[in-house]
Amino acid sequence: MKFQKYPILCKKITEKEIKTREMTNANKVKETRSESVKGRNVQQKMTGDATDDINLAMTVTPIFANESDGASSEELFKVSMEQSTQSKISQRAWKLYIDNPELRKIAEDISCEIILTKLNVYWDNIVGLEECKSPIKEAIVYPLKYPIFFNGPFSPWKGILLCGPPGTGKTMLAKVVATECQCTFFNITASSLVSKWRGDSEKYIRVLFELAYNYSPTIIFIDEIDWIGTNKGVNCTLSEPAKRFRSELLSRLDGLVSNENSNVVLLAATNCPWDIDAALRRCLEKKIYVSLPNEVTRLDMFKLYLSNQLLENMDILNHIIKSTEKYSCADIKLLCKQAWLLEINPMWEKLEKKETSVTTLKYELKNYEIIAKLLKTMSPTVTDVNRYKAWNKYVCHKNIF
């Protein structure tokens, strides 16, 4: 009554009761099978006389029972891969916690966080970030693909932290890892771990890592991990549920790092790496800094949006690249999208009045004046770039923590 939960009533049964229940279930299955067979024989006798006379003692029955609905054979027997994999995952979670219905319910909830769809994001889809792609391949992709090189004392990394300003492509790198590795990928958020009931959050973390070991090779991706282990300062005191939650998480992460043959990797991302607790930062052994795009990366991005006329004009191109010095990848995409909407704005009235029709349309920016006006009004979202550079120089390069 205190936590507004229904009680779970359990009763111990003896071996005799188990055998009697099994016998009754087997008898019920036999009875249902015999009744179904009798029903089919009766139906064949009812319809067999008429069909035998017409088809010269040849009974003709349809192969597919639902042909009248207009569905083809492929549609009748077609089962999506997502449904089959989801059913397999639920069955495995049910077998793992067959004696504990509470943990089995938690396992079913966490199993929904497994990404089943193909993201189809590859390394070529990410422009630039060459200094981040090779460390991620060495830390995550190659140990999963070629484990023979990481046996013995040279064990792979168990915790990787992607840190950097917002909008630089950290989540895109995680999507590439999910596509390339072809392993179980847990996408964990705050809603999938935090519960309002006392003690349930610790159970969610326990079940998460147990499922990860069971589904290995596994990658656990936690976006914005600073919400778990925020270090607001020395005078900041955590509540009792927050302390238990953090202690359970750190103990599981410590076991993950110490277990060399676990084949489970924790991939985390954050925009505020300085707010992460020191103990949690220690478990994330490898730190990869995802910086703002440089001139070459910004040029490659604008090649996707600008027309050939603007790209051939070096004065215009240099002005655009210099004006977007502190822009992130998301800022550049937003700038080009806003310029595209302003450029096609005069076409809306003509299309509504049916004065013109859209036959062929090139998705490229041609008007430089619109881009120049937007560059004066739009400001980059990242303001404290120096703080990120200082943290990268102090932590990622020197590996103090």
- Can you check side chain to side chain contact (heavy atoms under 4.5 Å, CB included) on Phe302 and Cys336, steps first, answer last? CA-CA 8 Å; Phe302 280 112; Cys336 296; 3.9 Å; yes
- Item | Side-chain touch Trp340/Leu365, heavy atoms, less than 4.5 angstrom | yes
- Query: If we only count heavy atoms from C-beta on, is the Glu180 to Lys145 side-chain gap below 4.5 Å?
  - Reply: yes
- Message: Please find the pair of heavy atoms, one from Ser111 and one from Tyr215, that lie closest to each other, and give the distance.
- Response: OG-OH, 4.1 Å
- Side chain to side chain, Phe185 and Ile114, heavy atoms closer than 4.5 Å: no
- Interatomic spacing from CD1 in Ile371 to CD in Gln338 - rounded to 0.5 Å: 12.0 Å
- Note on the structure: Interatomic distance, CD1@Ile320 vs CG@Leu375, rounded to 0.5 Å, equals 6.5 Å
- Give a yes/no verdict on a cation-pi contact between Lys287 and Trp391, requiring under 6.0 Å between NZ or CZ and the six-membered ring centre and an angle within 45° of the axis. no
- If you count the non-hydrogen atoms of other residues, nucleotides and ligands that lie under 6.0 Å from CZ in Arg206, is the total more than 12? no
- Item | Enclosure of Asn345 CG (heavy-atom neighbours >12, cutoff 6.0 Å) | yes
- Decide yes or no on side chain to side chain contact (heavy atoms under 4.5 Å, CB included) for Ile276 and Leu161, but give the supporting numbers first. CA-CA 11 Å; Ile276 300 177; Leu161 177 64; 4.1 Å; yes
- Item | Side-chain donor/acceptor of Ser216 to backbone N/O of Thr218, under 3.5 Å | no
- For side chain to side chain contact (heavy atoms under 4.5 Å, CB included), just list the numbers for Phe209 and Ile220, CA-CA rounded to whole Å, side-chain angles, deciding distance to a tenth of an Å, and then say yes or no. CA-CA 9 Å; Phe209 281 91; Ile220 303 174; 4.1 Å; yes
- Message: Main chain of Phe245, side chain of Ser201: is a donor-acceptor contact present, judged purely on distance under 3.5 Å?
- Response: no
- Query: Would you find a donor on one side and an acceptor on the other, under 3.5 Å apart, between the side chain of Asp331 and the backbone of Thr381?
  - Reply: yes
- Charged N to carboxylate O under 4.0 angstrom, Arg298 versus Glu325? no
- Side-chain touch Val176/Tyr122, heavy atoms, less than 4.5 angstrom: no
- Show the numbers, then the answer: is there a side chain to side chain contact (heavy atoms under 4.5 Å, CB included) between Ile219 and Leu144? CA-CA 10 Å; Ile219 296 174; Leu144 292 176; 4.0 Å; yes
- Nearest 0.5 Å please: distance from the OG atom of Ser134 over to the CH2 atom of Trp123. 9.0 Å
- Side chains of Thr297 and Asp300: do they bring a donor and an acceptor to under 3.5 Å? no
- Item | Distance in Å, Ile344 CD1 paired with Leu351 CG, rounded so as to fall on 0.5 Å steps | 9.0 Å
- Got more than 12 heavy atoms from elsewhere within 6.0 Å of NZ, Lys333? no
- Item | Greater than 12 external heavy atoms within 6.0 Å of Glu295's CD | no
- Item | Chi angles and distances behind the salt bridge (charged side-chain N to carboxylate O under 4.0 Å, His left out) call for Glu248, Arg244 | CA-CA 6 Å; Glu248 180 69 22; Arg244 293 198 309 269; over 6 Å; no
- Message: Let's go through Tyr388 and Trp274 carefully: what are the C-alpha distance in whole Å and the side-chain angles of both, what is the deciding distance for ring-ring contact (aromatic ring centres under 6.0 Å, His included) to 0.1 Å, and is it a yes or a no?
- Response: CA-CA 9 Å; Tyr388 285 100; Trp274 45 80; 4.9 Å; yes
- Query: Can you find a heavy atom in the side chain of Asn313 that is under 4.5 Å from one in the side chain of Leu310?
  - Reply: no
- Is a salt bridge present between Lys105 and Asp109, judged by a nitrogen-to-oxygen distance below 4.0 Å? yes
- Of the non-hydrogen atoms in Pro165 and Val382, which two are nearest, and what is the gap between them? CB-CG2, 3.6 Å
- Message: Distance alone, cut at 3.5 Å: any donor-acceptor contact between the side chains of Lys175 and Asn120?
- Response: no
- Task: Check Glu285 against Trp157 and note the closest heavy-atom contact, atom names and distance.
- Result: CB-CE3, 3.5 Å
- Note on the structure: When every non-hydrogen atom of Ile106 is compared with those of Lys203, the smallest separation belongs to CD1-CB, 3.8 Å
- Message: Could you check whether any side-chain heavy atom of His319 comes within less than 4.5 Å of a side-chain heavy atom of Tyr368, counting everything from C-beta outward?
- Response: yes
- Rounded to the nearest 0.5 angstrom, the CD1-OG1 distance for Ile222 and Thr189 is 10.0 Å
- Task: Output yes when a side-chain donor or acceptor of Asn318 lies under 3.5 Å from a complementary backbone atom of Met314, and no otherwise.
- Result: yes
- Item | Shortest non-hydrogen separation from Met172 to Val121 and the atoms involved | CE-CG1, 3.7 Å
- Heavy-atom distance under 4.5 Å between the side chains of Leu193 and Ile188, does that happen here? yes
- If only atom types and distance count, is the side chain of Gln309 paired as donor or acceptor with the main-chain N or O of Lys366 below 3.5 Å? no
- Task: Decide yes or no for Ile160 and Leu266: does some side-chain heavy atom of the first lie under 4.5 Å from some side-chain heavy atom of the second?
- Result: no
- Item | Plane angle bin for Tyr146 and Phe149 - parallel if under 30°, tilted between 30 and 60°, otherwise perpendicular | perpendicular
- Note on the structure: Nearest heavy-atom contact between Val264 and Lys158 is O-CD, 3.5 Å
- Item | Gap between atom SG of Cys329 and atom NZ of Lys170 - 0.5 Å precision | 10.0 Å
